[in-house]
Visitor: 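Can you read through this structure? Questions will come right after.
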There are 2 protein chains.
Amino acid sequence: MCPPALIPFKPVNPKTRLSAILNQEEREQLARAMLEDVKAAVKDAMCSPVLICSELFESEDVQVTVTDANLNETLNSLLPQNVGPTMIIMADLPLANAESIRRVTSTKMDLAIVPGRGGGTNVIFMKNPEKFHVDYYGTSFLKHMKIANEAGLSVEVIDSFRLHTDIDEPEDLVELLIHGSGKSRACLEGLGFTLAVNEGRVGVVRNR
Amino acid sequence: MCPPALIPFKPVNPKTRLSAILNQEEREQLARAMLEDVKAAVKDAMCSPVLICSELFESEDVQVTVTDANLNETLNSLLPQNVGPTMIIMADLPLANAESIRRVTSTKMDLAIVPGRGGGTNVIFMKNPEKFHVDYYGTSFLKHMKIANEAGLSVEVIDSFRLHTDIDEPEDLVELLIHGSGKSRACLEGLGFTLAVNEGRVGVVRNR
């Protein structure tokens with residue numbers, strides 16, 4: 001079994017909530033590094049990454065679908081075309097590893113969902129994608145639980161901080177510098193970021 | 001096996017980083033509710049809660065140790081006295097449940113550690129507590145990994161967002177309102193808090 005893992009990706013001007021500490025080029029560089037880490041974890045867990053991109057983007061090793069429709073429309077037109085288990089995983093999860101993803105794909109339920117920080121949905125794994133549809137943005141985790149319930153689908157909520165930790169805000173970079181081991185952490189360190197402890201609280205500082 | 005679970009608890013003026021939205025009495029009420037949820041989860045996972053309190057505090061159902069020494073000194077004087085597996089778990093983990101705690105206590109390693117947000121340590125489980133010592137505050141997760149390494153103890157890092165999510169800042173309350181099911185969530189709802197979606201981002205609002 002090698003289920004597709006659909007990865008929505010925004011190559012141009014991504015992660016704007018990091019604008020206070022990273023310029024556009026740096027944010028694009030970090031976003032690509034995080035995508036590489038997610039792709040590596042997905043492959044290690046025996047899934048096949050497929051990028052769903054908002055703009056033209058070239059990848060040497062994986063299939064790319066470019067679309068200018070919004071994310072929900074795009075995914076909801078793709079899901080009925082997928083036969084068999086299908087995953088959707090966000091591109092900003094640099095702590096993802098094969099072990100955490102295998103916990104998702106080995107669910108005994110119809111669906112496995114990993115909530116993101118602040119009510120988002122970081123990963124959805126569907127045994128029968130044609131029976132489900134997505135509704136991202138806002139408290140999408142609660143919306144997805146409701147959609148599953150209304151469709152009579154059983155759900156396992158996977159309790160993983162590695163897949164729960166999406167990188168959106170400057171303070172999220174602390175998690176990457178502590179728990180990351182891949183290209184994203186190297187990217188961040190290459191940009192001059194290190195951990196800083198200030199009055200008992202941990203943040204990041206940039207040295208150049 | 002019913003290992004002790006040491007729970008440090010500050011009953012007076014706790015959780016000061018929530019002061020912008022909760023007064024002292026309300027913070028004390030929420031802290032006690034979170035403690036109740038942690039105690040319930042710990043008991044469901046067949047551990048015996050023991051409170052380590054910074055001030056006088058009465059509990060009808062569990063042993064209380066009151067100390068005016070700092071947390072590290074207190075714990076490091078207690079650990080060598082414990083024979084057999086011992087846990088230290090923070091009191092501000094209202095998403096803790098029996099399943100996540102059993103993942104900790106069923107480790108095959110010498111130690112299991114659950115990191116908190118921002119480099120803290122939320123749970124430590126020690127098979128041989130006399131061989132370990134704690135060093136909380138700052139990036140305690142990294143310090144604990146180093147102490148374990150220097151003592152030649154094997155460590156499993158438990159990948160759980162339920163035990164990773166400590167409630168410190170106003171935005172953390174979102175997690176409690178989404179994923180909580182115990183007394184802390186009821187307390188927060190009783191204080192008038194509900195979820196609010198604003199420009200795609202999820203926060204909390206207080207209605208009274």
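Below, chain A is the first sequence line, B the second, and so on; all start at residue 1.
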Visitor: Do the rings of His164(A) and Phe161(B) sit parallel, tilted or perpendicular, given the 30° and 60° boundaries?
Guide: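 Geometry flag for Phe161(B) against His164(A): parallel rings.
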Visitor: Mind ranking Arg162(B), Glu171(B), Arg117(B) by heavy-atom pairs under 4.5 Å with chain A and telling me who comes out on top?
Guide: Arg117(B)
Visitor: Show the nearest heavy-atom pair for residues Val197(A) and Gly138(B), with the distance to one decimal.
Guide: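 Here Val197(A) and Gly138(B) meet closest at CG1-CA, 3.9 Å.
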Visitor: Name the option with the most non-hydrogen atom pairs under 4.5 Å to chain A; the candidates are Pro115(B), Gly119(B), Ser100(B).
Guide: Pro115(B)
Visitor: Check the surroundings of atom NZ in Lys127(B): do more than 12 heavy atoms from other residues, nucleotides or ligands lie under 6.0 Å from it?
Guide: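 More than 12 heavy atoms, drawn from other residues, nucleotides or ligands, come within 6.0 Å of this atom.
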Visitor: Quick one: salt bridge (charged side-chain N to carboxylate O under 4.0 Å, His left out) partners of Lys131(B), sequence neighbours excluded?
Guide: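 Lys131(B) satisfies salt bridge (charged side-chain N to carboxylate O under 4.0 Å, His left out) with no other residue.
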Visitor: Where does Thr165(A) contact chain B at under 4.5 Å (heavy atoms): side chain, backbone, both or neither?
Guide: side chain
Visitor: Would the number of heavy atoms belonging to other residues, nucleotides or ligands and lying under 6.0 Å from CG of Asp68(A) be above 12?
Guide: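 For Asp68(A), atom CG is not crowded (no more than 12 foreign heavy atoms under 6.0 Å).
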Visitor: Count the heavy atoms belonging to other residues, nucleotides or ligands that lie under 6.0 Å from CG of Asn23(B), then report whether that count exceeds 12.
Guide: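 Yes.
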Visitor: Name the region of Ile158(B), side chain, backbone, both or neither, that has any atom closer than 4.5 Å to a heavy atom of chain A.
Guide: backbone
Visitor: Considering only heavy atoms and a distance below 4.5 Å, find which of Glu169(A), Glu99(A), Met145(A) pairs most often with chain B.
Guide: Glu169(A)
Visitor: Considering only heavy atoms and a distance below 4.5 Å, find which of Ile178(B), Asp168(B), Val174(B) pairs most often with chain A.
Guide: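 With the most close heavy-atom pairs to chain A, the winner is Ile178(B).
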